[in-house]
Asks: 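The structure's right below; bear with me while I get my questions together.
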Amino acid sequence: MDTKYIFVTGGVVSSLGKGIISASIGRLLQARGYKVTIQKFDPYINIDPGTLNPYEHGECYVTDDGFETDLDLGHYERFTGIHTTRNNSITTGRIYKTVIDRERRGDYLGKTIQVVPHITDEIKRRMLREDEKDEQLDFVITEVGGTIGDIESAPFMEAIRQLRWQLGRNAVCVHLTYVPYLKAADELKTKPTQHSVKELQGMGIQPDILVLRTERHLDDHLRLKVASFCNVDLECVVQSEDMPSIYEVPVNMQRQGLDAAILRKIGIPVGETPEMKSWHEFLDKQHNAKRELNIGLVGKYDLQDAYKSIRESLNLAGIYNDVKTKIYFVNSEEITSQNIAEKLDGLAGVVICPGFGTRGIEGKIIAAEYTRTHDIPTFGICLGMQMMVIEFARNVLGYKDANSREMDEKTPHNVIDIMEEQKSITQMGGTMRLGAYDCELKEGSRVYEAYGKEKLIKERHRHRYEFNNAYTDKYESNGMRCVGINPAANLVEIVEIPEKRWYIGTQFHPEYSSSVLNPHPLFMSFVKACL
């Protein structure tokens, strides 16, 4: 069958959950046996989100092939288990850069370069995944960031309009809007949705399916009103109510026939509704998990999305261990030796978070010392692992001035040093050690057991600094073992203190490869230790 294309757009306000709806559609189509990929087109001009502050855009997610992307790709991977690549995350910046580079090379033979057709053609080429001709896909789901009416998303809308004509029944537009509840009037209002659809129609795009985000249940009368005002079939008006968990959204969408509506619009026989047995088993475990487990996140970004993948990985590992993970953010900037006991009081385990720069690092070091000396299960990730290494150097090895070259250029004990290949780099964006690399585990170590006695694993990285191998023997002889090594670069990937209940640091980011049906073994092992 020809590849089918689903475009997911949003109206009224941002943050409606287009990423979750896109991921849910992907999951439902997979359950029917289709091969699917999901891609995100972001209208901002940054080449990628790698240089963005987490306060601007939440966490930066990293693909296997070493591309820094939007956090929605994390949702896509967690829901579907697919492995995204650099071709699943496109920004306006990348589109323009490609076109401008071609113009500088003379590829356009002296023509005037314009938004239409040159920019829109490049957008269409990427939406159709023309660079990926060897992949056999049944469905490509394309989510467009931002909101209808934004100036910067206009070229994307024009590209979708053109593709709808070119592809005919092979393309479907799903539009996500908001139906607010006005407390004073005690009414749900459909006018914002009508305006949003009108704006979309003004761009030449008629949505095939409407997903209405709402905090209150919408009755059939209201859905019928939306259907008739927006020229959409009643069965294609689906409501997305607030759910106790994002993982209930696919089941809710299936219950309302969202996947069936998409197939009918494309002209594919709907067939039987898939059971999604493993997904329902996961949800049952989630509903039945009554006991709470308190985990602390020691970091400097006090917002939900900054450590999104870590939070979700802890959440998933908790569910598979039959507990509800309650996550408490502990601001590392506010930690002192005097208040650390109070800050970590009542926590069963602590994650020392990744990050960049000097802000809040002394608090992370104090936290690492406290959890080590009080034998509290501790998981250090990337910078978190480096802080565990520095703390050990200062308080066990006796190097009081030990530090990372990132924090102190002149430290005499640079137990964390800049990587050799990073020394000559001056550009910030996309220049770190990025993507999946091999790691060889030491037999008999706790991580070796956690991974199911696998000798060679592959995990994703995002860093410039590394453990300084000149100190390996000193660490090993004092009780901190280097138990994961990259075979090609001899880079220390994992440290652990075997005599502790669970005290492990990883240079890589295991949170990037945890999914609903395959929770990450290290998070599973960590949560078990916390219990």
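All values derive from a computational prediction rather than experimental measurement.
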Asks: Look only at the side chain of Q39 and the backbone of V140, and say whether a donor-acceptor pair between them is shorter than 3.5 Å.
Replies: no
Asks: Using a 3.5 Å distance criterion without hydrogens, assess whether the side chain of R86 forms a donor-acceptor pair with backbone atoms of D65.
Replies: yes
Asks: Would you say the side chains of E77 and T84 form a donor-acceptor pair under 3.5 Å?
Replies: yes
Asks: I'd like to check E68 versus R462 (side-chain heavy atoms, cut-off strictly below 4.5 Å). Are they in contact?
Replies: yes
Asks: Give, for atom CG of D220 and atom CG of L222, the distance between the pair rounded to the nearest 0.5 Å.
Replies: 10.0 Å
Asks: If every non-hydrogen atom of P510 is compared with every non-hydrogen atom of H520, which pair is closest and at what distance?
Replies: O-CD2, 3.3 Å
Asks: Going by atom types only, do H75 and E312 share a side-chain donor-acceptor pair under 3.5 Å?
Replies: no
Asks: Just by distance, with hydrogens left out, do T92 and E152 show a side-chain donor and acceptor under 3.5 Å apart?
Replies: no
Asks: Just wondering, do N88 and Y76 contact through their side chains at under 4.5 Å, heavy atoms?
Replies: no
Asks: Are the side chains of I295 and F379 in touch, meaning some heavy atoms are under 4.5 Å apart?
Replies: no
Asks: State whether the side chain of T358 and the backbone N or O of M407 hold a donor-acceptor pair below 3.5 Å, judged by distance alone.
Replies: no
Asks: Checking S89 against D48: is there a side-chain donor and acceptor pair closer than 3.5 Å?
Replies: no
Asks: Just wondering, are more than 12 heavy atoms of other shown residues or ligands nearer than 6.0 Å to NZ in K191?
Replies: no
Asks: Could you verify whether a donor N or O on one side chain and an acceptor N or O on the other, from T98 and R126, lie under 3.5 Å apart?
Replies: yes
Asks: How far does CD1 of I6 sit from CD1 of I266, to the nearest 0.5 angstrom?
Replies: 5.0 Å
Asks: Do other residues, nucleotides or ligands put more than 12 heavy atoms under 6.0 Å from I45 CD1?
Replies: no
Asks: Do D138 and K4 sit within salt-bridge range, that is, some charged N less than 4.0 Å from a carboxylate O?
Replies: no
Asks: Search all heavy atoms of L297 against all heavy atoms of I310 and return the closest pair with its distance.
Replies: CD2-CG2, 3.8 Å
Asks: Has K225 got more than 12 heavy atoms of other residues, nucleotides or ligands less than 6.0 Å from its NZ?
Replies: no
Asks: Please lay out, stage by stage, how V116 and Q162 fare under the test side chain to side chain contact (heavy atoms under 4.5 Å, CB included).
Replies: CA-CA 11 Å; V116 182; Q162 291 179 25; 4.2 Å; yes
Asks: Between E132 and N87, is there a donor-acceptor pair closer than 3.5 Å when you use the side chain of the first and the backbone of the second?
Replies: no
Asks: Is there a side-chain contact between F282 and L316, using heavy atoms and a 4.5 Å cut-off?
Replies: yes
Asks: Salt bridge check: are E406 and R464 linked by an N-O gap of less than 4.0 Å?
Replies: no
Asks: If only side-chain N and O atoms count, and only distance matters, is there a donor-acceptor pair under 3.5 Å linking E248 with H287?
Replies: yes
Asks: Report yes if some heavy atom in the side chain of Q507 is under 4.5 Å from a heavy atom in the side chain of Q386; otherwise report no.
Replies: yes
Asks: Could you go through the salt bridge (Lys or Arg N to Asp or Glu O under 4.0 Å) check for K97 and D101 one step at a time?
Replies: CA-CA 6 Å; K97 188 173 187 309; D101 286 348; 3.1 Å; yes
Asks: Is it true that a side-chain atom of E143 and a backbone atom of I21 form a donor plus acceptor pair closer than 3.5 Å?
Replies: no
Asks: Determine the minimum heavy-atom distance between V232 and D208, stating which atoms define it.
Replies: CG1-O, 3.5 Å
Asks: When you compare the side chain of R213 with that of V12, does any pair of heavy atoms fall below 4.5 Å?
Replies: no
Asks: Check whether any side-chain heavy atom of L163 sits under 4.5 Å from a side-chain heavy atom of F7, and report yes or no.
Replies: yes
Asks: Do the side-chain N and O atoms of Y437 and E493 include a donor-acceptor pair separated by under 3.5 angstrom?
Replies: no
Asks: Do any pairs count as a ring-ring contact (aromatic ring centres under 6.0 Å, His included) and have a residue in residues 92-125, sequence neighbours left out, and if so which ones?
Replies: Y108-H118
Asks: Under a 4.5 Å cut-off applied to non-hydrogen side-chain atoms, are Q30 and F79 in contact?
Replies: no
Asks: Taking D121 first and then R125, would you say they form a salt bridge - that is, a charged N and a carboxylate O separated by under 4.0 Å?
Replies: no
Asks: Dump the intermediate steps for side chain to side chain contact (heavy atoms under 4.5 Å, CB included) on I160 and M127, then the final yes or no.
Replies: CA-CA 9 Å; I160 291 172; M127 283 179 169; 3.8 Å; yes
Asks: Under the 3.5 angstrom rule, does the side chain of T91 hit a backbone N or O of N46 as a donor-acceptor pair?
Replies: yes
Asks: For L28, run the side-chain contact (heavy atoms from CB on, under 4.5 Å) check against D259, T80, I262, V36 and tell me which one passes.
Replies: D259
Asks: For residues P155 and T120, report the shortest heavy-atom separation together with the two atoms involved.
Replies: O-CG2, 3.7 Å
Asks: Could you list all the ring-ring contact (aromatic ring centres under 6.0 Å, His included) pairs where at least one residue sits in residues 172-226, not counting sequence neighbours?
Replies: none
Asks: Please check if atom CZ in R105 has more than 12 non-hydrogen atoms from other residues, nucleotides or ligands closer than 6.0 Å.
Replies: yes
Asks: So which heavy atom on P250 is nearest to which on M276, and how close?
Replies: CB-CE, 4.4 Å
Asks: Got a salt bridge between R433 and E466, using NZ or NE/NH1/NH2 to carboxylate O under 4.0 Å?
Replies: no
Asks: Just wondering, more than 12 heavy atoms not from E275 lying within 6.0 Å of its CD?
Replies: no
Asks: Once the angle between the rings of F329 and Y307 is folded into 0 to 90°, is it parallel (under 30°), tilted (30 to 60°) or perpendicular (over 60°)?
Replies: parallel
Asks: Has the side chain of K300 got a donor or acceptor atom that lies under 3.5 Å from a matching backbone atom of C353?
Replies: no
Asks: Is it the case that S309 and E59 place a side-chain donor and acceptor less than 3.5 Å from each other?
Replies: yes
Asks: Output yes when a side-chain donor or acceptor of N331 lies under 3.5 Å from a complementary backbone atom of E333, and no otherwise.
Replies: yes
Asks: Quick one, K285 with E281, criterion salt bridge (Lys or Arg N to Asp or Glu O under 4.0 Å). Give me CA distance, side-chain angles, the key distance, then yes/no.
Replies: CA-CA 6 Å; K285 279 185 98 62; E281 283 168 0; over 6 Å; no
Asks: More than 12 heavy atoms of other residues, nucleotides or ligands under 6.0 Å from CD1 of I151: is that the case?
Replies: no
Asks: Taking atom types as modelled, find out whether T325 and R311 have a side-chain donor-acceptor pair closer than 3.5 angstrom.
Replies: no
Asks: Tell me whether R164 contacts the main-chain N or O of Q206 through its side chain, where contact means a donor paired with an acceptor under 3.5 Å.
Replies: yes
Asks: As a test of understanding, state which of T142, D72, T69 forms a side-chain hydrogen bond (donor to acceptor under 3.5 Å, both in side chains) with K40.
Replies: D72
Asks: Check whether more than 12 heavy atoms from other residues, nucleotides or ligands sit under 6.0 Å from atom CD of Q114, and answer yes or no.
Replies: yes
Asks: Using a 3.5 Å distance criterion without hydrogens, assess whether the side chain of S515 forms a donor-acceptor pair with backbone atoms of N518.
Replies: yes
Asks: Between R223 and E235, which heavy-atom pair has the shortest distance, and what is it?
Replies: NH2-CA, 4.5 Å
